2 protein chains.
Amino acid sequence: MLDKKSLRILKILQEKARIPNTEVSRLVGLAPSAVLERIRKMELQGIIDGYEVRLNPERFLRNQVAFINVEYDGGFDGDGAIGQALAAIEEIQEVHYIAGKDSYLVKLRVADTRELGNVLRDKIITIEGVLSTNTSTVLQTYKETARISIR
Amino acid sequence: MLDKKSLRILKILQEKARIPNTEVSRLVGLAPSAVLERIRKMELQGIIDGYEVRLNPERFLRNQVAFINVEYDGGFDGDGAIGQALAAIEEIQEVHYIAGKDSYLVKLRVADTRELGNVLRDKIITIEGVLSTNTSTVLQTYKETARISIR
DNA sequence: TATGAAATCAACTGTTT
DNA sequence: AAACAGTTGATTTCATA
């Protein structure tokens, strides 16, 4: 479905999404108009979902990462209501429903452990149906990317 | 440190990083050259780390997400050697060292559970010092973003 | 730090192969 | 699908406020 040139374009965009099209065209050996058309097509097909700036969390007081296991009472989770309530919390970056454990795994970013406590107390355990939480705080991050290796 | 206009620019770039500067300038009410200079400065200061394309994982056979707890023998983790070895695995998107548990938490993306098994068997448990793994597979994802709310 | 003018370069369209 | 040429529009620099 995607040929070598398109994969090449995506790899370039994964590194530097704000690169000019003409530079991409030089790198992949196509005319700028051809590159433009390929990118457009991939955007329309939903292969490319968008472009994001990567901000440095340290500069925005979002240095503390934590993962939280959220257990709940099944009676309150119709249509994933709890997952949606968790997703609405701004400090939470990821909400996953985990197989087998009947629980959600949540990733969040806050300034420090004090703020972590506040979010837990004020925003998470107050969700109707949430029974308990189990927090793992991160001491060090060795890798953190949304990149997928393209093949 | 960052005034209202710069925050506004960052918010715009978080949504659409490939937006032309002139359009940003119209949105924030500054001249294009002023927008350019602000963005340049934030790039140099490390506030902006880069720009990424967001690809649709389904289109690249990366639909299965899993979180893996990796326990290890402390004697083999000098200088975070195990964290680094985990980070080098292409299917792994995140590697975090977790407080208290003496373990790593890893997030990965693969095509399916078969591939998950292969990565575990061939790439993770083969790292010297890794004692055991505990995998949580994701059934549904409600939210998944690297965005931080700017303030 | 912002603006505005001017130059360079890129984006985009239409046409052709 | 791609290239080419032409037009529109964006980026960038610089002088100035």
Side-chain angles (χ1 to χ4, degrees), chain A residues 1-62 145-151, chain B residues 1-63 111 145-151:
Chain A
M1 190 172 84
L2 289 176
D3 67 4
K4 251 183 159 175
K5 301 246 178 199
S6 287
L7 293 179
R8 189 85 199 286
I9 291 170
L10 291 177
K11 274 177 193 168
I12 292 165
L13 291 178
Q14 280 207 129
E15 307 294 326
K16 276 174 76 98
R18 257 173 91 85
I19 192 177
N21 256 335
T22 46
E23 208 179 322
V24 178
S25 77
R26 280 190 289 268
L27 290 167
V28 303
L30 281 173
S33 53
V35 171
L36 181 67
E37 200 184 329
R38 280 166 179 265
I39 292 178
R40 281 275 158 76
K41 216 169 259 175
M42 291 191 284
E43 287 168 355
L44 287 173
Q45 291 172 338
I47 291 168
I48 291 176
D49 257 354
Y51 306 90
E52 271 183 357
V53 67
R54 222 176 326 123
L55 300 178
N56 186 340
E58 295 179 31
R59 306 301 188 101
F60 295 93
L61 301 174
R62 288 285 191 274
T145 180
R147 265 182 223 173
I148 53 182
S149 58
I150 294 173
R151 47 179 168 191
Chain B
M1 191 172 86
L2 289 176
D3 68 3
K4 252 184 156 173
K5 301 247 178 199
S6 287
L7 293 178
R8 188 87 197 285
I9 291 170
L10 291 178
K11 275 178 192 166
I12 293 165
L13 292 177
Q14 280 207 127
E15 308 294 325
K16 274 174 76 99
R18 258 172 89 86
I19 191 176
N21 262 337
T22 44
E23 209 179 321
V24 178
S25 77
R26 280 189 290 268
L27 289 168
V28 304
L30 283 172
S33 50
V35 171
L36 179 67
E37 201 185 327
R38 280 166 179 266
I39 292 177
R40 283 269 164 80
K41 217 168 261 175
M42 292 191 284
E43 287 168 356
L44 287 172
Q45 291 172 339
I47 291 168
I48 291 176
D49 257 355
Y51 305 90
E52 271 183 358
V53 68
R54 221 176 327 123
L55 299 178
N56 187 339
E58 296 180 29
R59 306 299 187 102
F60 295 92
L61 301 174
R62 288 285 191 272
N63 224 7
T145 179
R147 267 183 221 175
I148 53 182
S149 58
I150 294 173
R151 49 177 168 193

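Lettering of chains follows the sequences in order, A, B, ..., and the numbering in each one begins at 1. For clarity, every value in this text was computed on a predicted model and none was experimentally measured.
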Item to check | Residue pair A:K16 / A:I12, side-chain heavy-atom distance below 4.5 Å | outcome: no
Checklist entry - Is A:T22 touching bases, backbone alone, or none of the nucleic acid, heavy atoms closer than 4.0 Å? => result sugar-phosphate
Checklist entry - Just wondering, do A:R18 and B:I39 contact through their side chains at under 4.5 Å, heavy atoms? => result yes
Item to check | For the student: nearest non-hydrogen atoms of A:Q14 and A:I148, plus distance | outcome: NE2-O, 3.3 Å
Item to check | Worked check of side-chain contact (heavy atoms from CB on, under 4.5 Å) between B:I47 and A:F60 | outcome: CA-CA 9 Å; B:I47 291 168; A:F60 295 93; 3.7 Å; yes
Checklist entry - Salt bridge between B:E15 and B:K11, side-chain N to carboxylate O under 4.0 Å? => result no
Next on the checklist: Could you check whether A:D3 pairs with A:R38 (Lys NZ or Arg NE/NH1/NH2 to Asp/Glu carboxylate O, under 4.0 Å)?
Outcome noted: yes
Next on the checklist: Any heavy-atom pair between the side chains of A:T145 and B:E52 that's under 4.5 Å?
Outcome noted: yes
Next on the checklist: For the backbone of B:V53 and the side chain of A:R147, can you confirm whether one donor and one acceptor N or O come within less than 3.5 Å of each other?
Outcome noted: no
Item to check | Test item: A:M42 and A:L2 side chains (from C-beta on) under 4.5 Å apart, heavy atoms | outcome: yes
Next on the checklist: Over all strands shown, is B:A31 touching base, sugar-phosphate only, or nothing at heavy-atom distances under 4.0 angstrom?
Outcome noted: sugar-phosphate
Item to check | Residue-level proximity of residues 13-21 of chain A to DNA chain C when a heavy atom falls under 4.0 Å | outcome: A:P20, A:N21
Checklist entry - So which one's nearest nucleotide on DNA chain C is more toward 5', A:S33 or A:E23? => result A:E23
Checklist outcome for this item: Result for 5'-nearest mapping on DNA chain D, choosing between A:K5 and B:R40, is A:K5
Item to check | chain B footprint on DNA chain D, 5' to 3' - any atom under 4.0 Å from a heavy atom | outcome: D:dA10 to D:dT13
Item to check | Covered region of DNA chain C, 5' end to 3' end, by chain A [heavy atoms, under 4.0 Å] | outcome: C:dA10 to C:dT13
Checklist entry - Could you state the interatomic distance from CD1 (B:I150) to CG (A:L61), rounded to the nearest 0.5 Å? => result 12.5 Å
